[in-house]
Amino acid sequence: MPNRLRFAPSPTGDLHVGNARTAVFNWLFVKKYGGSLLIRIEDTDRVRSESRFEDLICRDLKWLGLDWHEGPDRGGPFGPYRQSSRTAIYARRAESLLETGSAYRCFCSEEELGRQALETRRSGVARECPRSCRKFSAREVAQRLKDSHPAVIRLRVRSGKVVFQDLVHGEMTFDSAVVGDPILVRSNGIPTYNYAAVVDDGLMKISHVLRGDDHLSNTPRQVLIYEALGWPLPVFAHLSTILGPDRTRLSKRHGATSLQHFRDQGVLPEALLNYLTLLGWAPGEDQSEILSPEELVASFDIERVSKSSAVFDSQKLYFFNRHYLKECDPSRAVDWASAYLRREGLLDKVDSGVRQWVGLVVEAFLPGMDHLSQISQKAHQLWSFEAEKAVQDEGVRRVLSLPGAARVVDELRNQLSHEERDVVREWSSIVQSVKSASGQKGRRLFHPIRVALTGKDSGPELDKLVSIFEGGSQLELPHRIKDCRARLNEFHGAMLSRGLIPSCSR
RNA sequence: GGCGCUAUGGUGUAAUUGGUUAACACGCUGCCCUCUCAAGGCAGAGAGUACGGGUUCGAUCCCCGUUAGCGCUACCA
């Protein structure tokens, strides 16, 4: 019997990290142990389901790096893969269940049941339906149907224990008495989740059901349906819930939860995949947690999956992202960064010259970035040089009060006054000259230079910035970038007007 | 209310399934490096394993109870 697994999302919203993790574990299982993975869309909730979400979910799964063998987007021998187009299948099975007596029609109205629920609840027995409709004869049923009484189809639950195997929880045993007679088909003809899922899993020959543990309590219900249908049970594996920092189920309330959000933010798929796998699972003893998709597959072991719920920690996700960002192909980072800068209107058309320059920007600003969308915020300073404002900044003023600071700025200006000098190429010799002329070194040398050129007292390495300023100033950008000379002149002027530099000095 | 699941530093996990100074990663703190901020390197703080009982020479690990969190108890999935 080949392994057949499935990921069965409801198209009622974006793909959430919790569901994505379930998909990842299914995918890892298939990659590790062999078999096929299929996607099935569970859209029996007609009001909440939207087909656009189906597309988004598939797109996000692909982005994460997952693939599958059968699904609504690519067909397969067990289709259709959308529950809304399988209603005839459910109806046919329900009919035969009715014929064999494993199921029966129930005419109780929702209001009636709601009233009784309150009373039975007190007695502790979870039997929302009194099961009185069980005893109707075929004739009575036909009569009521003819009188157009709305009816649902319920499973006639047998008494006794219900047992099933769970790869993460071990053998599970429930008493069927706590299950009630679950509804298989609603009065409008649409099957319920529990019934549709079982019919599909059975017909699609699913061997392993890996899903969230919110379904654990539903499983005895489903096992009973398998029994009624006369089908063998799959092996289950109920994965723990993912929680927000407040230890409640992760949801939109916690902010960033959809894959879409992280992708937009500039989180690399390999980082997210790596992190998601580590939620409720860890590689053996002293193995590194940083694992490529191939390594993830190689060391994955479903039996090592943890039973307890895990808190989603975006800080750790960003740790992985920083790592993969540093490792990834520079052209990939440049593409993303360019897109972000364009979105901010800082870039216009991206030709090879611009790309090359963005490469420098990325290289300079990447260390310390959690995710690539921070590039626009970080790089913004390249455009926003304002000497007048800068000289009022507290940190900048502290630098300017360093002994010899004015002299350094002055000397640098002197060095740059030779128009023919290539600032980028000769940068180190320019610095050398400033050093010997001013008599300053180290902090007292570089800090004033940094401040005069950038208006800030911190940032990437100076020589990188110099290349970026000079290169940027040559490009046709929506907003011009000032070159070093312009910056210096402006800054020098601001110092003069504030009396931070003796006006007689040059 | 009933039923079920879970419980190791702030977070995610480890601990040859009863014998360890309870380990690793993220985060945090400090140091080194450095023109700065990051990055990187190094070091450190932080849990006696939810609580209470057993079983045992010995329990993170086995059993019972309690508590807390979560789930199911829908003509939601």
Side-chain angles (χ1 to χ4, degrees), chain A residues 8-10 12 42-45 47-49 83 106 108-110 113-114 117-118 120-128 150-154 166 169 172-175 177-180 182-194 196-197 211-221 238 240-241 243 245 247-249 275 278-290 304 306-320 322 326 364-369 378 395 399 431 440-451 454 456-462:
Chain A
S10 295
T12 53
E42 308 218 321
D43 53 356
T44 52
D45 183 343
V47 298
R48 289 198 300 150
S49 296
Q83 290 188 327
C106 170
C108 299
S109 71
E110 284 187 74
L113 258 21
L118 287 170
T120 54
R121 181 150 296 193
R122 196 161 314 151
S123 73
V125 184
R127 185 175 299 158
E128 61 292 319
V152 299
I153 299 176
R154 285 185 188 274
D166 189 299
H169 293 272
M172 303 291 302
T173 306
F174 288 79
D175 190 326
V178 303
V179 163
I183 293 179
L184 269 21
V185 181
R186 293 179 251 246
S187 51
N188 62 5
I190 297 176
T192 58
Y193 160 76
N194 282 301
R211 71 212 325 178
D213 69 1
D214 46 335
H215 292 290
L216 192 55
S217 302
N218 269 321
T219 307
R221 221 177 300 275
H238 286 97
S240 66
T241 313
L243 272 22
R247 297 215 138 254
T248 64
R249 177 179 272 266
Y275 177 64
L278 258 18
L279 240 28
W281 175 84
E285 276 274 355
D286 287 321
Q287 274 201 64
S288 166
E289 288 189 332
I290 294 177
R304 283 182 65 89
S306 142
K307 292 193 268 262
S308 53
S309 45
V311 173
F312 185 85
D313 178 10
S314 50
Q315 287 203 109
K316 186 146 183 182
L317 167 62
Y318 291 139
F319 160 76
F320 283 107
R322 288 194 296 267
K326 269 173 240 162
F365 288 97
L366 197 63
M369 268 188 350
K378 298 247 183 195
V399 171
V431 172
Q440 300 298 343
K441 58 179 183 176
R443 209 165 106 78
R444 292 178 179 183
L445 172 66
F446 286 97
H447 245 179
I449 297 177
R450 165 179 297 283
V451 145
T454 69
K456 288 173 157 289
D457 60 351
S458 72
E461 289 132 73
L462 261 177

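Naming: A, B, ... by sequence-line order, numbering from 1 per chain.
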Item to complete: Report which part of the nucleic acid A:R247 touches: base, sugar-phosphate, or nothing (heavy-atom distance under 4.0 Å, all strands).
Response: sugar-phosphate

Discussion item. Donor-acceptor pair, distance only, cut-off 3.5 Å: does the side chain of A:D166 make one with the backbone of A:H238?
Written reply: yes

Worksheet item: For atom P, what is the distance between B:G4 and B:G65, given to the nearest Å?
Response: 11 Å

Worksheet item: C1' atom, B:G54 versus B:A59: distance in rounded Å?
Response: 12 Å

Enumerate the protein-to-nucleotides 5-7 of chain B contacts in which both atoms are nitrogen or oxygen and the separation is below 3.5 Å.
| from | atom 1 | to | atom 2 | distance (Å) |
| --- | --- | --- | --- | --- |
| B:C5 | O3' | A:H169 | ND1 | 3.1 |
| B:U6 | OP1 | A:H169 | ND1 | 3.3 |

Item to complete: Using a cut-off of strictly less than 4.0 Å, decide whether A:R221 has a side-chain nitrogen or oxygen near OP1 or OP2 of B:C72.
Response: no

Worksheet item: On a whole-Å scale, what distance lies between the C1' atoms belonging to B:C64 and B:G46?
Response: 32 Å

Worksheet item: Going by heavy atoms in the side chains, are A:S306 and A:W281 under 4.5 Å from each other?
Response: no

Discussion item. The criterion is salt bridge (charged side-chain N to carboxylate O under 4.0 Å, His left out); which residues satisfy it with A:R211, sequence neighbours excluded?
Written reply: none

Fill in: Residue pair A:F446, A:Q440: steps toward the side-chain contact (heavy atoms from CB on, under 4.5 Å) verdict
CA-CA 9 Å; A:F446 286 97; A:Q440 300 298 343; over 6 Å; no

Practice prompt. Please confirm whether the backbone N or O of A:T12 pairs with a side-chain atom of A:S10, one donor and one acceptor, at under 3.5 Å?
Written response: no

Practice prompt. To the nearest Å, give me how far apart NZ (A:K316) and C1' (B:C26) are.
Written response: 5 Å

Practice prompt. Please work out if A:S288 contacts a base, only the sugar-phosphate, or nothing of the nucleic acid, heavy-atom cut-off 4.0 Å.
Written response: nothing

Discussion item. Over all strands shown, is A:E42 touching base, sugar-phosphate only, or nothing at heavy-atom distances under 4.0 angstrom?
Written reply: sugar-phosphate

Worksheet item: A:V311 near the nucleic acid: base, sugar-phosphate alone, or nothing, with a heavy-atom cut-off under 4.0 Å?
Response: sugar-phosphate

Practice prompt. With rounding to the nearest 0.5 Å, note down the distance linking CG in A:L279 to CG in A:L243.
Written response: 10.0 Å

Fill in: Side-chain N,O (A:S217) to OP1/OP2 (B:C3) below 4.0 Å
no

Worksheet item: Given that A:R450 and A:F320 both sit by RNA chain B, which one's nearest nucleotide is further toward the 5' end?
Response: A:F320

Show me the protein contacts with nucleotides 39-48 of chain B, counting only N or O atoms at under 3.5 Å.
| from | atom 1 | to | atom 2 | distance (Å) |
| --- | --- | --- | --- | --- |
| B:A39 | O3' | A:K326 | NZ | 3.0 |
| B:G40 | OP1 | A:K326 | NZ | 3.3 |

Discussion item. Please enumerate all residues that pass side chain to side chain contact (heavy atoms under 4.5 Å, CB included) together with A:T454, with sequence neighbours excluded.
Written reply: A:R450, A:K456, A:L465, A:F469

Practice prompt. Please state how far atom CZ in A:R304 lies from atom C1' in B:G12, giving the value in whole angstrom units.
Written response: 14 Å

Worksheet item: With nearest nucleotides of RNA chain B determined for A:L366 and A:T241 from heavy-atom distances, which residue corresponds to the more 5′ nucleotide?
Response: A:L366

Practice prompt. Report which part of the nucleic acid A:G212 touches: base, sugar-phosphate, or nothing (heavy-atom distance under 4.0 Å, all strands).
Written response: nothing

Practice prompt. For A:D45, report the nucleic acid contact type (base, sugar-phosphate, nothing); a contact means any heavy atom under 4.0 Å.
Written response: sugar-phosphate

Discussion item. Apply side-chain contact (heavy atoms from CB on, under 4.5 Å) to residues A:R322 and A:M369 and explain how you reach the verdict.
Written reply: CA-CA 7 Å; A:R322 288 194 296 267; A:M369 268 188 350; over 6 Å; no

Worksheet item: Quick one: CD on A:Q83 to CG on A:D45, what's the gap to the nearest 0.5 Å?
Response: 11.0 Å

Item to complete: Could you check if the base of B:G44 is syn or anti? Syn means the glycosidic torsion is within 90 degrees of 0.
Response: anti

Worksheet item: A:T241 and A:D213: side chain to side chain donor-acceptor pair (under 3.5 Å), yes or no, with the steps?
Response: CA-CA 6 Å; A:T241 313; A:D213 69 1; 2.8 Å; yes

Worksheet item: So A:H169 and A:L216, side-chain contact (heavy atoms from CB on, under 4.5 Å) or not? Walk me through it.
Response: CA-CA 10 Å; A:H169 293 272; A:L216 192 55; 4.3 Å; yes

Discussion item. In dot-bracket form, 5' to 3', how is RNA chain B paired? Count Watson-Crick and G-U wobble pairs only if both distances fall under 3.5 Å, and write | where the partner sits on another strand.
Written reply: (((((((..((((.....[...)))).(((((.......))))).....(((((..]....))))))))))))....

Worksheet entry | Residue pair A:R247 / A:V311, side-chain heavy-atom distance below 4.5 Å | yes

Can you tabulate the close N/O pairs, meaning under 3.5 Å, that link protein atoms to atoms of nucleotides 64-68 of chain B?
none

Practice prompt. Please check if the distance between the ring centroids of A:F319 and A:Y275 is under 6.0 Å.
Written response: no

Discussion item. Donor-acceptor check, side chain of A:R221 to backbone of A:P182, threshold 3.5 angstrom: yes or no?
Written reply: no

Fill in: Whole angstrom value for the distance that separates P of B:C24 from CD of A:E289
12 Å

Discussion item. Just the rounded figure in Å: distance from P of B:U13 to CD of A:Q287.
Written reply: 16 Å

Worksheet item: Under 4.0 angstrom, heavy atoms only, what part of the nucleic acid is A:G442 near: base, sugar-phosphate, or nothing?
Response: sugar-phosphate

Worksheet item: Hey, is the main chain of A:I183 close enough, under 3.5 Å, to the side chain of A:T192 for a donor-acceptor pair?
Response: yes

Discussion item. With rounding to the closest Å, how many angstrom separate the C1' atoms on B:G48 and B:C31?
Written reply: 29 Å

Fill in: Rounded P spacing from B:G1 to B:U21 in Å
45 Å

